[in-house]
Amino acid sequence: MIRTFRLWCTALALLALAGVWSPATAGPTAEAAADPVPRVQLRKAVQLLGVMSVHGTGFERSAFGRWADADFDGCDTRAEVLRAEAVGPVQVDEGCVIASGQWYSWYDDRPVTGDPTRQLVVEHVVPLEEAWASGAYAWDADKRQAYANDLAGQATLTAVSAETHKEKAGRDPAGWLPPYEASRCAYITDWVLTKLRWGLTVDFLEAVKLTEVAQGCPNVPVTLRSR
């Protein structure tokens, strides 16, 4: 299934725009109040990001290693994401090769059916090049590989259409946002949570854009997951 949180954020944004739901009237549930994991509202989370200039040189994809099989079940990180985000039956061939299935590319509101090899890309919401520039250049190889294969973060990785992945490239939200406007609140939420989780910084223009977009989103509580 598509990650529930992304759908939740998108649904709340649409309801707020329609006047059906207001964050001012939505109090925390008893379950949320008892949650030991730190939670802050989205706009506060944006403010927690450290602002620094980028480190713009020396990036190489190989610095982050390869897709890993962390739980030794025969499926690497890419396959795990494709299985987790499928919205219909998935054909898994020998060697955990994802041969076909049904997915939803939430960046551009597009259904994807069939062989995902050319149609889908499992990408890092905060691209590897951007991660490098905002702090990962100082990490050791093990930490960079852990970032590249971060399934536990729930916001780090996602499957999207190859077209929007190519269009986005390594740009941050100051230079690119999902073309499907209803997904933008969920997108910047994932971006902010990933950067906070990994201690990555933002540059000035990026911080301005995140603040601007967050102002138009439901100011929902978000969970700060530590590594």
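What's counted below: heavy atoms across the whole structure, side chains too, no hydrogens, waters or symmetry copies. Position 1 is the first residue of the sequence; numbering continues from there. What you see is a predicted model, and the numbers here were worked out from it, not measured in a lab.
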Checking V90, V112, V87 against Q102 for side-chain contact (heavy atoms from CB on, under 4.5 Å), the one that qualifies is V87

According to the interplanar angle, ranging from 0 to 90°, do the rings of H124 and W67 count as parallel (below 30°), tilted (30 to 60°) or perpendicular (above 60°)? parallel

May I ask whether F204 and L196 are part of the same hydrophobic cluster, defined by side-chain heavy atoms of I, L, V, M, F, W, Y residues being less than 4.5 angstrom apart, directly or through others? no

Can you tell me how the ring of W106 sits relative to the ring of Y187, calling it parallel under 30°, perpendicular over 60° and tilted otherwise? tilted

Is it true that the side chains of W176 and E167 contain a donor and an acceptor less than 3.5 Å apart? yes

Given the rule that I, L, V, M, F, W and Y join up when any side-chain heavy atoms are under 4.5 Å apart, are L205 and V126 in one cluster? no

For the pair R197 and D190, find out whether any cationic side-chain nitrogen is under 4.0 Å from an anionic carboxylate oxygen. no

So, for P127 and K168, which heavy atoms are closest and what is the spacing to 0.1 Å? CG-CE, 3.8 Å

Could you label the plane-to-plane angle of the H55 and W132 rings as parallel, tilted or perpendicular, counting under 30° as parallel and over 60° as perpendicular? tilted

Using a 6.0 Å cut-off, check whether atom CZ of R66 has over 12 heavy atoms from anything other than its own residue. no

Using the side-chain contact (heavy atoms from CB on, under 4.5 Å) definition, which of the options C185, P218, C217 pairs with L42? C217

According to a hydrophobic-cluster definition based on side-chain heavy atoms being under 4.5 Å apart (Ile, Leu, Val, Met, Phe, Trp, Tyr only), do L193 and V51 belong together? yes

Decide if atom NZ of K44 counts as having more than 12 heavy atoms of other residues, nucleotides or ligands within a radius under 6.0 Å. no

Surrounding CD of E181 (heavy atoms of other residues, nucleotides or ligands, distance under 6.0 Å), is the total greater than 12? no

Run the side chain to side chain contact (heavy atoms under 4.5 Å, CB included) check on W191 and D172 step by step: do they pass? CA-CA 9 Å; W191 186 279; D172 68 29; 3.5 Å; yes

Test item: D142 and Y147 side chains (from C-beta on) under 4.5 Å apart, heavy atoms: no

Under a 3.5 Å threshold, yes or no: a donor from one side chain and an acceptor from the other, between T158 and E123? no

No-hydrogen, no-angle side-chain donor-acceptor test under 3.5 Å, W198 and D150: yes

Pair R144 + E60, salt bridge at N-O below 4.0 Å: no

So, K209 and E206, do they make that salt bridge, N to O below 4.0 Å? no

In terms of hydrophobic clustering (I, L, V, M, F, W, Y; side-chain heavy atoms under 4.5 Å; direct or indirect links), are M52 and V46 co-clustered? no

Same apolar cluster (I L V M F W Y, side chains within < 4.5 Å links), V54/L200: no

Ion pair D108/R110, N-O distance below 4.0 Å: yes

